[in-house]
A.B. asks: 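I have a structure here, written as structure tokens, and I will follow up with some questions on it.
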Amino acid sequence: SVLNSTKFREAKANLPIALGKTISGEGYTDDLAKMPHLLIAGSTGSGKSVGINTILASLLFRLHPSDVKFIIIDPKKIELTQYAKLKHHFLAVSPDFNQEIITSPENAVSVLRGVEIEMEKRYDRLAAAGVRNINDYNERVKSGRLKNTPETVHQKMPYLIVVIDELADLMMTAA
């Protein structure tokens, strides 16, 4: 009912997420783009995985694959493996690994280093475009206000969302 609510469907957020209902029964939504680092913590059985799945479902329902790409790391191979079916649409996958959902700690470290490199490249493209965020950059690309140079080719930039289940376990095995 929250995903089908008018409030969620008409939300002007770049990365709209439906988080549930308020105590008055109204749908509660927010913009993940305003939370660049989100940590969901709690004890076993408290709903952390439900929260992660809610966020992912919200984004899948509202955004096109050209708008967002996910990198999903699930060292326990339990909670997020069902998203492997999105390989050709929403997942940013590496040709270096035979995994859509990263499950080995060694691969997770390599992928996270790759994400760091990608972030640096994106910062350079944003700086070259004279903008501060992906939304402004994509608006300039769409309007044709950015000219390609030999060093920089401007094209639509999807949001890149890294989801790590059981971060503490990953940190213990691959510090």
Side-chain angles (χ1 to χ4, degrees), residues 3 7-19 28-40 51-74 79-104 106-165 167 170 174:
L3 290 176
K7 186 168 185 167
F8 178 69
R9 284 182 292 149
E10 295 177 0
K12 300 295 183 207
N14 294 321
L15 296 172
I17 53 176
L19 294 173
Y28 182 77
T29 65
D30 210 338
D31 188 357
L32 187 62
K34 294 179 183 176
M35 306 175 237
H37 303 95
L38 176 63
L39 177 65
I40 300 172
I52 290 171
N53 283 302
T54 299
I55 290 168
L56 290 172
S58 297
L59 297 169
L60 291 171
F61 271 88
R62 274 291 304 274
L63 300 174
H64 188 271
S66 66
D67 296 326
V68 64
K69 298 293 180 194
F70 299 105
I71 296 169
I72 300 176
I73 300 172
D74 185 8
E79 297 295 339
L80 303 173
T81 54
Q82 71 268 18
Y83 293 101
K85 296 174 186 171
L86 301 174
K87 175 183 179 181
H88 300 294
H89 304 287
F90 284 96
L91 293 182
V93 294
S94 171
D96 298 331
F97 305 119
N98 192 20
Q99 296 179 312
E100 292 82 21
I101 307 301
I102 304 301
T103 57
S104 80
E106 298 81 23
N107 288 352
V109 170
S110 296
V111 166
L112 291 172
R113 285 191 179 125
V115 169
E116 182 181 12
I117 293 167
E118 176 64 18
M119 284 175 52
E120 291 299 324
K121 289 179 183 178
R122 287 172 172 232
Y123 284 139
D124 291 343
R125 281 181 37 201
L126 293 176
V131 297
R132 293 179 54 114
N133 60 55
I134 292 173
N135 193 44
D136 291 343
Y137 177 84
N138 286 338
E139 284 180 17
R140 288 195 181 182
V141 168
K142 186 176 180 180
S143 68
R145 292 188 286 167
L146 298 176
K147 303 298 179 216
N148 293 334
T149 66
E151 300 84 27
T152 307
V153 175
H154 295 288
Q155 58 190 14
K156 184 176 181 178
M157 185 184 304
Y159 283 91
L160 190 58
I161 298 175
V162 179
V163 178
I164 304 173
D165 193 32
L167 177 62
L170 180 62

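Just so you know, these numbers use all the heavy atoms, side chains as well, and skip hydrogens, waters and symmetry mates.
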A.B. asks: Using 4.0 Å as the upper bound for N to carboxylate O, is an ion pair formed by Lys156 and Asp67?
C.D. replies: yes

A.B. asks: Could you check whether any side-chain heavy atom of Ile55 comes within less than 4.5 Å of a side-chain heavy atom of Ile40, counting everything from C-beta outward?
C.D. replies: yes

A.B. asks: Heavy-atom count check: over 12 atoms from other residues, nucleotides or ligands less than 6.0 Å from Asp96 CG?
C.D. replies: yes

A.B. asks: Between Ser58 and Leu19, is any pair of side-chain heavy atoms under 4.5 Å apart?
C.D. replies: no

A.B. asks: Are Ile101 and Phe70 close enough that some pair of their side-chain heavy atoms sits under 4.5 Å apart?
C.D. replies: no

A.B. asks: Under the salt bridge (charged side-chain N to carboxylate O under 4.0 Å, His left out) rule, collect the residues that match up with Lys85, sequence neighbours excluded.
C.D. replies: none

A.B. asks: Taking the side chain as C-beta and beyond, is there a heavy-atom pair between Leu112 and Ile164 under 4.5 Å?
C.D. replies: yes

A.B. asks: Got a second to check how far Asn135's CG is from Asn14's CG, nearest 0.5 Å?
C.D. replies: 4.0 Å

A.B. asks: Does Asp165 have any salt bridge (charged side-chain N to carboxylate O under 4.0 Å, His left out) partners at least two apart in sequence or in another chain, and if so, which?
C.D. replies: none

A.B. asks: For Ala11 and Arg62, work out which heavy atoms get closest and say how close.
C.D. replies: O-NH2, 3.1 Å

A.B. asks: Only pairs at least two apart or in different chains count here, so list each salt bridge (charged side-chain N to carboxylate O under 4.0 Å, His left out) that has a residue in residues 128-143.
C.D. replies: none

A.B. asks: Taking salt bridge (charged side-chain N to carboxylate O under 4.0 Å, His left out) as the cut-off, I'd like each qualifying pair that reaches into residues 110-129, sequence neighbours left out, listed once.
C.D. replies: Glu118-Arg122

A.B. asks: Restricting to non-hydrogen atoms, name the atom on Ala18 and the atom on Leu3 that form the minimum distance, rounded to 0.1 Å.
C.D. replies: CB-CD2, 4.0 Å

A.B. asks: Atom CD1 of Ile72 and atom CD of Gln82: how far apart are they, to the nearest 0.5 Å?
C.D. replies: 8.0 Å

A.B. asks: According to salt bridge (charged side-chain N to carboxylate O under 4.0 Å, His left out), who are the partners of Glu79, at least two apart in sequence or on a separate chain?
C.D. replies: none

A.B. asks: Might you point out which heavy atoms bring Leu126 and Met157 nearest each other, and give the distance in Å?
C.D. replies: CD2-CE, 4.3 Å

A.B. asks: If you look at every heavy atom in Leu38 and Leu32, which pair is closest and at what distance?
C.D. replies: CD2-CD1, 3.9 Å

A.B. asks: To the nearest 0.5 Å, tell me how far Ser104 OG sits from Asp74 CG.
C.D. replies: 12.0 Å

A.B. asks: Less than 4.5 Å apart, any side-chain heavy atom of Leu15 and any of Ile161?
C.D. replies: yes

A.B. asks: Tell me the closest heavy-atom pair linking Ala33 and Tyr159, and the distance in Å.
C.D. replies: CB-CE2, 4.3 Å

A.B. asks: Taking ring pair (Phe, Tyr, Trp, His ring centres under 6.0 Å) as the test, write out the residues that go with Phe90, two or more places apart.
C.D. replies: none

A.B. asks: Could you pull out the closest heavy-atom pair between Pro158 and Ile134, with the gap in Å?
C.D. replies: O-CD1, 4.3 Å

A.B. asks: Does either side chain, that of Asn53 or that of Tyr83, offer a donor lying less than 3.5 Å from an acceptor on the other one?
C.D. replies: yes

A.B. asks: Could you tell me if the side chain of Ile17 sits less than 4.5 Å from the side chain of Thr54, heavy atoms only?
C.D. replies: no

A.B. asks: Taking side chain to side chain contact (heavy atoms under 4.5 Å, CB included) as the criterion, tell me which of Ile102, Asn107, Thr103 meets it with Ile73.
C.D. replies: Ile102

A.B. asks: Is there a donor-acceptor pair closer than 3.5 Å between any side-chain N or O of Lys147 and the backbone N or O of Gly144?
C.D. replies: yes

